[in-house]
Structures are given as structure tokens and as C-alpha cells.
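Data first, discussion second: the structure below is written as C-alpha cells.
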Amino acid sequence: MGKEFREIDVAEVPVEPEQVWAAIATGPGIDSWFMGRNEVEGGVGGAVRGAFAAYEPTHGITAWDPPNRLAYGGEPEPDGRRIAYEFLVEGRDGGSSVIRCVTSGFLPGDDWADEFEAMKAGGALFFRNLVEFVQHFPGRTATPITAFGSTVIADWPALWVALAKELGVEELTVGAKVRLAGADGVLYAVNDQTVGIRTGEGLFCFMQGFRGPLVATHHVVAPDVDVAAEEAKWAEWMAALS
């Protein structure tokens with residue numbers, strides 16, 4: 001038993017394809033919108049390597065056609081699990097680009113459903129992160145900050161209500177103006193398991209940890225970010241929230 005999946009996300013952004021390519025095909029670029037730390041060894045036969053807590057995947061690059069097509073992943077693990085990503089970037093008149101991201105693979109076992117829903121929710125957030133970052137922080141990169149709340153959440157709806165209250169809104173709605181840790185921001189992504197907030201300092205994301213605590217995956221646009229201090233600050237912030 002298990003599930004084959006294929007998800008497609010599409011968006012148009014007001015930047016040239018070369019700027020999108022820098023965001024999807026370099027380590028600092030991926031760091032600015034995806035989870036954890038990332039490195040890219042370019043070209044077919046190279047690899048995209050990630051590091052998110054104890055999860056350190058290596059995905060072989062199968063297509064490399066700057067700035068229009070990038071594909072990596074697809075090799076199955078011993079249990080049959082696999083995931084592959086393909087990015088297609090098409091330039092349009094006026095200096096804009098259409099980004100298409102295809103995520104496909106296989107989840108093994110009889111308990112794939114919860115993992116699939118978490119993967120879909122997280123994937124939707126990260127694609128939106130990419131769109132937001134290239135549009136609002138063109139030509140820049142961000143430092144990734146990963147922090148974990150100290151409590152395993154039993155009542156996620158109540159947690160999201162508490163987050164809304166902390167942000168100064170009645171409910172979490174895309175487009176809502178909020179206040180996060182003293183900075184003005186806007187909610188750009190909301191689903192059952194994730195929230196994305198953009199401020200002048202970067203992208204600040206909160207995710208439902210898979211069978212665990214609230215997780216922060218932030219992307220801070222500033223020179224000389226003290227990663228350890230930021231991670232400690234946000235861990236404390238989430239502990240007070242929950």
C-alpha cells in the first residue's frame with residue numbers, strides 16, 4: 001500500500017527568468033524560501049543537498065537548462081519512498097516570468113495519508129515563499145532560521161487562534177495586516193497547517209510539526225544574522241504562544 005502523487009503549482013512573477021533561476025538553482029537562493037540549509041552542485045549529475053534538523057536529503061540533478069528548466073530527485077529509498085521536483089520557468093513580455101513547479105513521488109505504507117496532507121500543506125507554503133521572495137526581495141538572499149516549539153501541540157485549531165491573537169487579527173486570512181514581534185507585516189499564505197507572514201525583514205513561516213510542536217522556518221533578509229540568537233528568540237516566542 002502507498003500513494004503515488006503529483007502536485008503542480010503555477011504563478012507569474014514580475015521578474016526576469018534569470019532572477020528566478022538564482023532562487024531555485026543556488027544554495028543561497030533556495031535558503032531564501034525553502035526549509036533549512038541548502039547546497040547546489042550544478043549541472044546534470046550534480047546534486048541539491050539539504051539540511052533540516054536531522055533530515056539531510058541529497059537529490060541528484062536530472063535536468064539543468066538555465067534559466068528555463070531544473071529537475072532533481074527521484075531515486076527511491078529502500079522502502080520505496082521517493083520525491084522529485086521539476087521547475088519550468090518561462091519568460092514573458094514586459095520582464096515577467098511564469099514559474100511552474102511539479103512535485104511528484106511515492107509515499108509508502110498504510111499510513112501515508114497524514115504525511116501526504118502535511119507534504120501538500122508544506123509544499124504550498126514553500127512555493128508561495130518562492131513567489132513572495134523573488135517578487136518582494138529581488139536580487140537579495142536571506143538567512144534561514146529554524147526553531148522548534150517546546151510543546152507537542154494537542155489542539156492545533158486553538159494554537160492557530162492564539163497565533164491570530166498574537167498577530168492582532170481575529171482570524172488568519174491571506175492579505176490581513178498584522179504585527180509580528182514589533183514589525184508590521186502581511187499574511188501571504190494560510191492553510192490548515194501553515195502560516196506565512198512577510199515583513200520588511202523577510203519571510204516568517206510557522207508550520208504544524210508532523211506529530212510534534214510548532215515549527216518556525218523563517219528567512220531573514222539582513223546582514224550578519226546571528227542564527228543561534230534568532231533561533232533561541234523564536235523558540236522562546238513559540239513556547240510563550242503555546
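Scope of the values below: all heavy atoms of this structure, side chains included, with no hydrogens, waters or symmetry mates.
A donor and an acceptor atom, one from each side chain of Thr103 and Glu7, are nowhere located under 3.5 Å apart.
Heavy-atom neighbours of Asp192 CG from other residues, nucleotides or ligands within 6.0 Å: at or below the threshold of 12. Atom NZ of Lys3 is surrounded by more than 12 heavy atoms from other residues, nucleotides or ligands within 6.0 Å. Annotation for Glu18: atom CD counts as buried by contact number, over 12 foreign heavy atoms lying within 6.0 Å. For Glu4, the CD atom is densely surrounded, since the number of other residues' heavy atoms within 6.0 Å is greater than 12. Heavy-atom contacts from other residues, nucleotides or ligands closer than 6.0 Å to CD of Glu12 number more than 12.
For the pair Arg81 and Glu115, the salt-bridge criterion is met [side-chain N within less than 4.0 Å of a carboxylate O]. With respect to Glu86 and Arg69, a salt bridge is recorded, a charged nitrogen being found less than 4.0 Å from a carboxylate O. Residues Arg49 and Glu39 are not paired through a salt bridge, judged by the lack of any N-O separation under 4.0 Å between the basic side chain and the carboxylate. Using a 4.0 Å cut-off between charged nitrogen and carboxylate oxygen, Arg100 and Asp9 do not count as a salt-bridge pair.
Residues Ile61 and Glu41 approach most closely at CD1-O, 3.2 Å, considering heavy atoms.
Partners of Glu117 by side chain to side chain donor-acceptor pair (under 3.5 Å), not counting sequence neighbours: none found.
Neither Leu88 nor Ile83 shares a network with the other; the hydrophobic side chains, linked directly or stepwise wherever heavy atoms of I, L, V, M, F, W or Y lie under 4.5 Å apart, form separate groups for each. Both Leu241 and Trp160 sit in one connected hydrophobic cluster of ILVMFWY residues. Membership requires side-chain heavy atoms under 4.5 Å apart, directly or through other members. Residues Val174 and Val10 do not share a hydrophobic cluster, defined by chaining ILVMFWY side chains whose heavy atoms lie under 4.5 Å apart.
Less than 6.0 angstrom separates the ring centroid of Trp234 from the ring centroid of His218. The ring of Trp237 has its center closer than 6.0 angstrom to the ring center of Phe206.
Using a 30° and 60° split on the angle between ring planes, Phe148 and Phe52 fall in the tilted class, from 30° to 60°. Note on ring orientation: taking the six-membered ring where Trp is involved, the planes of Phe87 and Tyr85 are parallel (angle under 30°, cut-offs 30° and 60°).
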